[in-house]
Amino acid sequence: MPIRWGKGHQQMSQSGGPLDQGRRTRVFFAPGRINLIGEHTDYTGGLVMPAAIDAGTTATVSAREDASLAFASRDYPGEIVFRGDVLASGRIEIIRRSDDGWGQYVLGVLTAWVEALSAMGRKIPELSGLSINIESTLPQGAGLSSSASLTVLIAYLLDALGRTELPRSALVRIAKMAENDHVGVASGIMDPFAIAFGREGHAIFLHTDTLDHTYVPLAFHPYELIVIDSGKRRTLVDSAYNTRFGEAERAWREIRRIRPELPYLGALTPQGWSTIRPMIKDPVLVRRVDHLVGENERVREARRALEKGDLPKFASLLTASHRSLRDLYEVTGPELDALVDTALSFPGVLGARMMGAGFGGVTLNVVEPSKRDAFVAFVCERYTRLTGLLPRFYRFQIADGVREIRLPGTPAR
Ligand code: GLA
């Protein structure tokens, strides 16, 4: 069976290339992200450890004749076109729209950006006569955060084009608000934060309540991280993601009644939880909190393991995270379980787990590079036999967060 390396891998060897100065374009790039560990904890104020990658979303901005602000996508059909000349008065007017749903993200960010500026008493700039063409090297709905890559990209380019100079943390909030309020997904802060604050060669140890964060250098040698797309798709909108969010909220309401001084669910320690646990009657909520409390501990331990260069320990925490997401948080599903179990049955794999929201999407695997080809062949054969799905394999570089790509010969802005 041929090895199916995904687009993100090919893109690594194709970066750079000639750029057309004559058109006076500006180019912006927002990465996708992987999450090493800390899954489903970010909407409870817990700990996560994501990193930005070198695949992502690119926007090329060029001038157009009319007064509109027009967004088009190379990967998805249609366009969404706004009146740019009325933006300064806080009005968002769509002139025409033919997108198949992706325009909702653009509309959401534009709305959240205008609202944020208004709330700060800031002037909203006019942005007219601009065409923005978007393209992505991220598989959509795979768990690499294609949607936050798009929302952070739009927030960043609006800020850059309009010279509003908001701090990155404000752009993160705008991107999150767009997805929560306009797309209808109760997603947490991890993805936009990682995409805005990523640093080459580092993971971000992030406290999602305070947004306090430290950078953890990543050195996987003599192993490497391989991301595998299960080929099973889900969207956050139609997955049980919002159900899990609701269960975490319900658990928090019960726990707060018992421990009113606790500031948020993610602050619950294993000791604290062991005293409350017998008082929670709903076994579903108990399982959910068992995961959340255990996962926060695993994030702490994973950071220590990485700092000590203890890769076997780090990888064993990934596998433990998967088991917890499977048995306690129940967000894996047969395909992700089959993919992780298959990977773990291959000698030369230190650890593996599902990554992102779950229910489909990708897994993260710590693999010996010398065994890479055999691993890929093994997983392809077994996984396809078990599920009928074709996996795709990616090796990403850990990269910087959202940025403008300076075109050769252009002065520094
Ligand atoms: C999705 C959400 C994140 C986070 C993960 C699960 O990626 O966008 O906010 O909740 O799922 O950890």
Side-chain angles (χ1 to χ4, degrees), residues 30-53 56-57 105 108-109 138-152 172-198 203-209 211 213 227 229-230 233-249 252 264-266 288 291-296 298-299 302 317-318 321-322 324-326 328-333 336 353-364:
R33 65 99 191 91
I34 56 171
N35 182 25
L36 296 176
I37 195 159
E39 219 64 271
H40 282 269
T41 48
D42 67 340
Y43 47 85
T44 65
L47 298 171
V48 293
M49 201 158 45
I53 57 175
T57 317
Y105 291 87
V109 178
L138 291 168
Q140 203 204 9
L144 294 167
S145 210
S146 54
S147 56
S149 178
L150 175 61
T151 53
V152 172
V172 168
R173 301 264 181 221
I174 288 169
K176 181 174 183 296
M177 213 184 291
E179 199 151 357
N180 295 166
D181 300 350
H182 298 275
V183 181
V185 182
S187 54
I189 197 115
M190 168 171 76
D191 300 353
F193 194 94
I195 288 162
F197 284 86
I204 310 170
F205 178 85
L206 171 67
H207 195 296
T208 59
D209 182 65
L211 298 190
H213 58 285
V227 170
D229 185 349
S230 65
R233 282 291 169 269
R234 56 104 192 101
T235 66
L236 287 188
V237 182
D238 64 22
S239 73
Y241 186 89
N242 284 352
T243 313
R244 291 295 174 278
F245 183 91
E247 286 164 351
E249 269 194 335
W252 172 227
Y264 47 88
L265 184 52
R288 303 298 183 248
H291 166 74
L292 292 169
V293 171
E295 188 75 351
N296 284 328
R298 280 187 287 274
V299 180
L317 291 163
L318 299 195
S321 169
H322 184 84
S324 179
L325 289 157
R326 182 191 66 189
L328 302 174
Y329 221 66
E330 299 175 274
V331 290
T332 56
L336 290 175
R353 72 175 196 88
M354 61 143 269
M355 196 178 75
F359 311 106
V362 293
T363 65
L364 192 60

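We count ligands from 1, going down the list as the structure has it; atoms in each ligand are counted the same way. In this text, all values refer to a predicted model and were calculated from it rather than measured experimentally.
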Below 3.5 Å, N or O to N or O, backbone or side chain included: is there any such pair between [X] and ligand 1?
{"X": "Tyr43", "answer": "no"}
{"X": "Gly38", "answer": "no"}
{"X": "Ser187", "answer": "no"}
{"X": "Thr41", "answer": "no"}
{"X": "Asn35", "answer": "no"}

Please work out whether any backbone atom (N, CA, C, O) or any side-chain heavy atom from C-beta onward of Arg33 is under 4.0 Å from ligand 1, and answer side chain, backbone, both or neither.
->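 For Arg33, the contact with ligand 1 is made by the side chain alone.
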In Å and rounded to the nearest 0.5 Å, what is the [atom1] to [atom2] distance from [X] to [Y]?
{"X": "His322", "Y": "Thr332", "atom1": "NE2", "atom2": "OG1", "answer": "5.0 Å"}
{"X": "Asp42", "Y": "Lys176", "atom1": "CG", "atom2": "NZ", "answer": "8.0 Å"}
{"X": "His182", "Y": "Met177", "atom1": "NE2", "atom2": "CE", "answer": "8.0 Å"}

Distance filter under 4.0 Å to [X] heavy atoms, resulting ligand 1 atoms:
{"X": "Gly188", "value": "9 (O)"}
{"X": "Asp191", "value": "1 (C), 2 (C), 3 (C), 7 (O), 8 (O)"}
{"X": "Met190", "value": "4 (C), 5 (C), 12 (O)"}

Which of these, Arg298, Arg353, Arg326, sits in a salt bridge (charged side-chain N to carboxylate O under 4.0 Å, His left out) with Glu39?
->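 Exactly one option meets the salt bridge (charged side-chain N to carboxylate O under 4.0 Å, His left out) with Glu39, and it is Arg353.
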Arg173 atom CZ, over 12 foreign heavy atoms within 6.0 Å =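 No, not enclosed.
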Search all heavy atoms of Gly45 against all heavy atoms of Tyr264 and return the closest pair with its distance.
->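 Closest approach of Gly45 to Tyr264: O-CE1, 3.3 Å.
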Please check if the side chain of Arg244 supplies one atom and the backbone of Arg288 the other of a donor-acceptor pair under 3.5 Å.
->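 Checked: no pair found.
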Within-shell test, Gly356 vs ligand 1, heavy atom, strictly < 4.0 Å =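 Judged by the 4.0 Å heavy-atom criterion, Gly356 does count as contacting ligand 1.
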